[in-house]
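Everything on this sheet refers to the single structure shown next.
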Amino acid sequence: MKKIIVICLFSLPLITIGQTLDRTKAPAPAKAPVIQVASPFQFTLANGLKVFVVKNTKLPRVTATLALDIDGFAEGPIAGVADMSGQLMKRGTVTKSKAVLDEAVEFLGGSLSTSSQTASASSLKNNFPKLFELMSEVVLHPAFNNDELEKVRKQTLSGLESSKDDANTISGNVVKKLVYGAAHPFGELTTSATIKKVTISDVKNFYARYWKPNMGYLVFVGDIEPATAKALAEKNFGNWQKGEIVSQNFPKPALLKTPIVAVIDRPASVQSVVAIAATVELGPGSANVIPGSVMNNILGGGFSGRLFANLREKHGFTYGAYSSLNPNRQVGFFQAGASVRNEKTDSSIQELLHEINIIRNEKVGDTELSRMKNYLAGGFARSLENPATIANFALNVARYKLPADYYQNYLTNLALVNAAKVQEVAKTLLNPTQMYIVVVGNAKQVAKGLEKYGTVKYYDIEGNEMAAPEEPKLTFNFTPEDLMNKVIQGAGGKEAIDKIKDLELKGTASLMGQNLDIAQTRILPGNATMTMSMGGMVMSKQSLVNGNYSVTQQGQEAPITPEIKESLEEATYIVPEVMFLQKGYQLKIIGAEKVDGKDAIDVEVKSPSGKISHRFYDASNYLLLKTAVTQEVPGRGAVTQQQFYKSYKNMDGLNIAAEQVLDLGQIKLNINYTSIKANQGIKVTDLK
């Protein structure tokens with residue numbers, strides 16, 4: 001009897017639920033939980049240095065970071081002094097040279113880094129007190145040695161020189177200068193001219209102005225007791241003298257009344273970098289930050305963003321398209337953009353603006369909104385597993401004067417974001433009529449038609465307004481065949497070419513920071529090899545020897561197509577134009593354009609197999625300046641490969657390019673031939 005009663009009791013709730021549950025409707029969302037965010041141990045030294053300690057014993061490591069509470073630096077004509085000062089801080093103290101300091105850090109098995117407004121040290125728990133002492137010495141007693149300044153200057157100038165050819169860096173610099181204004185600290189550009197002006201006195205003045213304890217925060221994270229951290233802070237930074245706090249009230253950048261299309265001409269570009277940007281009123285912790293994050297992530301926060309789906313998945317204009325929305329105490333910033341094929345620049349701008357206008361004028365769907373809120377909630381929850389997150393939350397509360405429970409209530413506030421609020425914040429923050437549209441690319445190919453998006457203006461790579469680039473005005477009173485003969489004569493002439501029986505070029509090829517050895521050997525007529533190797537290991541090889549065609553990549557043989565056969569045959573000629581005249585290539589003079597600042601004649605070359613390429617010859621001496629081949633690549637669309645020829649050297653009457661740059665858009669191979677030799681008596685049997 002007792003058993004029967006138990007069964008009935010268990011059956012009753014099931015019957016009741018079955019009668020009331022409507023499975024056609026999704027259950028109402030549960031109330032967002034209030035997250036219990038741990039509070040770090042906090043204290044302030046007598047000199048005003050605020051200290052936070054987050055204990056975590058998962059690993060026997062400790063990290064300490066000292067950060068200045070500064071939004072930016074007004075550097076003026078010595079822009080770059082902040083970064084140079086940050087680098088110099090760890091390059092020696094008043095008692096230790098850079099070598100001695102580096103050795104001491106390495107002995108402790110730790111790491112020590114500095115920047116314009118941070119210093120950080122990390123090591124195993126047992127070694128941390130000694131490493132922290134070194135960190136305090138670096139911060140409080142930097143040597144600021146003039147010899148080290150010159151080393152930093154040289155490295156900085158080298159980096160700036162390399163970045164002059166990087167379209168993304170150019171875009172970032174011009175966007176910054178235009179959106180914020182050249183006089184705003186956020187709009188100042190570091191250039192070769194400003195770096196050359198920096199003196200050791202400037203570095204010392206920068207340090208004295210900004211590095212003060214009452215402008216800083218010291219954060220300990222790891223396996224350390226709060227009492228131990230306090231003792232270390234007092235011992236190593238307690239005597240640091242406080243100073244006057246530097247005002248950080250920067251003027252507000254002016255907003256555009258009508259959009260401006262800023263074009264930066266890079267004739268060598270095979271794709272355009274497009275950026276649409278503006279400042280926004282969005283301070284940390286303000287009411288629009290959380291709904292703004294939802295809005296921006298729906299628009300272009302990642303692979304699931306609308307920009308990505310439109311420009312990549314739907315239209316195939318680019319690898320990816322994204323947007324960002326960054327709060328800041330001085331002024332917030334919004335940017336959307338992508339790197340796109342030249343011929344799709346106009347269309348890409350149209351689609352970027354289209355998506356911005358849609359999210360402003362139409363409410364997002366419930367499914368899309370719910371998915372994004374769940375994604376952001378999950379990311380927030382996962383971030384709490386990192387003890388550094390707790391420290392960052394406490395820092396933000398202190399720096400930006402946020403409510404003490406700001407992060408505890410994050411999920412609750414995120415859950416309150418609805419479609420109407422997303423649209424409201426989009427209308428408030430995103431106004432296309434106030435945005436700069438910045439395009440870095442080949443102006444000749446991309447500028448036409450952009451005037452419909454705003455007033456078109458031209459700028460150099462440092463964001464200075466300039467006149468529109470002029471196309472070369474060249475007249476051609478010769479046939480393509482006549483031009484080929486001029487090219488052959490410019491290379492040295494047929495007599496000089498015929499004297500060459502063998503030619504060997506050796507040098508290095510630099511690719512993404514890696515150096516490869518490169519070697520070319522030609523034995524006339526009809527034989528050629530080219531190899532690239534690293535540490536004696538052959539990475540790639542292509543050859544045509546005794547009529548045998550071969551292309552290998554890391555030991556794997558590639559199939560030989562008609563196009564590859566033609567390319568290998570062209571490589572056996574010292575001057576391929578000889579082959580063009582002999583083998584029935586179709587030639588057509590297209591026009592003229594600038595190549596590395598020189599007027600160049602553009603010739604279309606169609607091979608017997610139908611491959612079309614373009615060759616650009618210096619209009620003054622007919623030397624080859626550039627080649628360009630466009631091919632369809634699955635998943636990427638049309639991709640243009642360019643090769644530039646520079647630094648011609650005369651070898652036995654023959655002009656040979658000692659430097660070449662292979663430009664694949666996002667990847668560049670820089671080739672420098674340091675050894676060029678002819679007529680050494682090399683035999684075909686020597687080609688392996």
Please report the closest heavy-atom contact between A388 and V221, naming both atoms and the distance.
N-CG1, 4.1 Å
Verify the distance criterion only: is there a donor paired with an acceptor across the side chains of D202 and T199 at less than 3.5 Å?
yes
Should we count NZ of K196 as having more than 12 external heavy atoms under 6.0 Å?
no
Greater than 12 external heavy atoms within 6.0 Å of E313's CD
yes
So, taking the atom named OG in S347 and the one named CZ in F317, what distance separates them when rounded to the nearest 0.5 Å?
4.5 Å
Verify, without hydrogens or angle tests, whether Q330 (side chain) and D71 (backbone) share a donor-acceptor contact under 3.5 angstrom.
no
Check: E75 and T194 side chains under 4.5 Å, non-hydrogen atoms
no
Under 3.5 Å, is there a donor on one side chain and an acceptor on the other for N288 and S286?
no
Do E462 and T191 have side-chain N/O donor and acceptor atoms under 3.5 Å apart?
no
Give the minimum heavy-atom separation between V179 and T279, together with the two atoms involved.
CG1-CG2, 3.4 Å
I245 and K212, any side-chain heavy atoms less than 4.5 Å apart
no
Any donor-acceptor N or O pair under 3.5 Å, side chains N342, Q271:
no
Atom NZ of K421 and atom CD1 of I290: how far apart are they, to the nearest 0.5 Å?
11.0 Å
K50 to Y217, cation-pi by 6.0 Å centre distance and 45° axis angle:
yes
Residues at least two apart in sequence or cross-chain that pass side chain to side chain donor-acceptor pair (under 3.5 Å) with R209, listed by chain then number, are none
Report yes if the distance between the aromatic ring centroids of F73 and F206 is under 6.0 Å, otherwise no.
yes
Looking at E451, I want to see if its CD is surrounded by more than 12 non-hydrogen atoms of other residues, nucleotides or ligands under 6.0 Å.
yes
Quick check against the 3.5 Å criterion: does N47 have a side-chain atom that pairs as donor or acceptor with the backbone of W240?
yes
Does the side chain of N396 pick up a donor-acceptor pair with the side chain of Y407 at under 3.5 Å?
yes
Could you state the interatomic distance from OG1 (T156) to CD (E161), rounded to the nearest 0.5 Å?
13.0 Å
Set out, in order, the CA-CA distance, both residues' side-chain angles and the distance that settles side-chain contact (heavy atoms from CB on, under 4.5 Å) for T93 and V138, then state yes or no.
CA-CA 6 Å; T93 69; V138 163; 4.1 Å; yes
Between K626 and E593, is there a side-chain N and carboxylate O pair less than 4.0 Å apart?
yes
Under 4.0 Å between a side-chain nitrogen and a carboxylate oxygen: does that hold for K668 and D166?
no
Taking the side chain as every heavy atom from C-beta outward, state whether S293 and V289 have any atom pair closer than 4.5 Å.
no
Hey, are the side chains of F220 and F52 touching, using non-hydrogen atoms and a 4.5 Å cut-off?
no
Looking only at non-hydrogen atoms, find the nearest pair between S339 and T318 and report the distance.
O-OG1, 2.6 Å
Any chance the rings of F333 and Y180 have centres within less than 6.0 Å?
yes
Side chain to side chain contact (heavy atoms under 4.5 Å, CB included) with V439: of V340, D265, I349, V273, only one passes, and it is I349
For the pair E659 and K646, find out whether any cationic side-chain nitrogen is under 4.0 Å from an anionic carboxylate oxygen.
no
Do K427 and E424 meet the salt-bridge criterion of a basic N to acidic O distance under 4.0 Å?
no
Roughly how far, to the nearest 0.5 Å, is the CZ atom of F334 from the CG atom of L282?
12.0 Å
Does the R329 side chain pair with the main chain of G283, one donor and one acceptor, at a distance under 3.5 Å?
no
Is any side-chain heavy atom of V294 less than 4.5 Å from a side-chain heavy atom of L376?
yes
T63 side chain to S122 main-chain N or O, any donor-acceptor pair under 3.5 Å?
no
ring-ring contact (aromatic ring centres under 6.0 Å, His included) involving F644 - partner list, sequence neighbours excluded
none
Would you say that more than 12 heavy atoms from the other residues, nucleotides or ligands in this model lie under 6.0 Å from the OH of Y375, or not?
no
State whether a side-chain donor-acceptor pair under 3.5 Å links T345 with S272.
yes
Which pair of non-hydrogen atoms, one from S192 and one from L160, has the smallest distance, and what is that distance?
N-CD1, 3.8 Å
Pick out which of I260, I276, L256, L352 makes a side chain to side chain contact (heavy atoms under 4.5 Å, CB included) with M435.
I276
Side chains of D460 and N464: donor-acceptor distance under 3.5 Å anywhere?
yes
Which pair of heavy atoms, one from A336 and one from L307, lies closest together, and at what distance?
CB-CD1, 4.0 Å
Minimum heavy-atom distance between G80 and I195, given as atom pair plus value:
CA-CD1, 3.9 Å
Within 6.0 angstrom of K314 NZ, more than 12 heavy atoms from elsewhere:
no
Answer yes or no: does atom NZ of K444 have more than 12 heavy-atom neighbours from other residues, nucleotides or ligands under 6.0 Å?
yes
CG of N145 to CD1 of I200, rounded to nearest 0.5 Å, is 7.0 Å
Check: Y453 and P259 side chains under 4.5 Å, non-hydrogen atoms:
no
Verify salt bridge (charged side-chain N to carboxylate O under 4.0 Å, His left out) between E368 and R306, making sure each step is shown before the conclusion.
CA-CA 10 Å; E368 187 177 25; R306 292 179 176 183; 2.8 Å; yes
So, do Y459 and V263 sit near enough that their side-chain heavy atoms are less than 4.5 Å apart?
no
Charged N to carboxylate O below 4.0 Å: is that the case for D102 and K98?
yes
What distance do Q87 atom CD and K151 atom NZ have between them, rounded to the nearest 0.5 Å?
13.0 Å
For the residue pair M89 and F144, establish whether any side-chain heavy-atom pair is separated by less than 4.5 Å.
yes
Do D346 and K448 sit within salt-bridge range, that is, some charged N less than 4.0 Å from a carboxylate O?
no
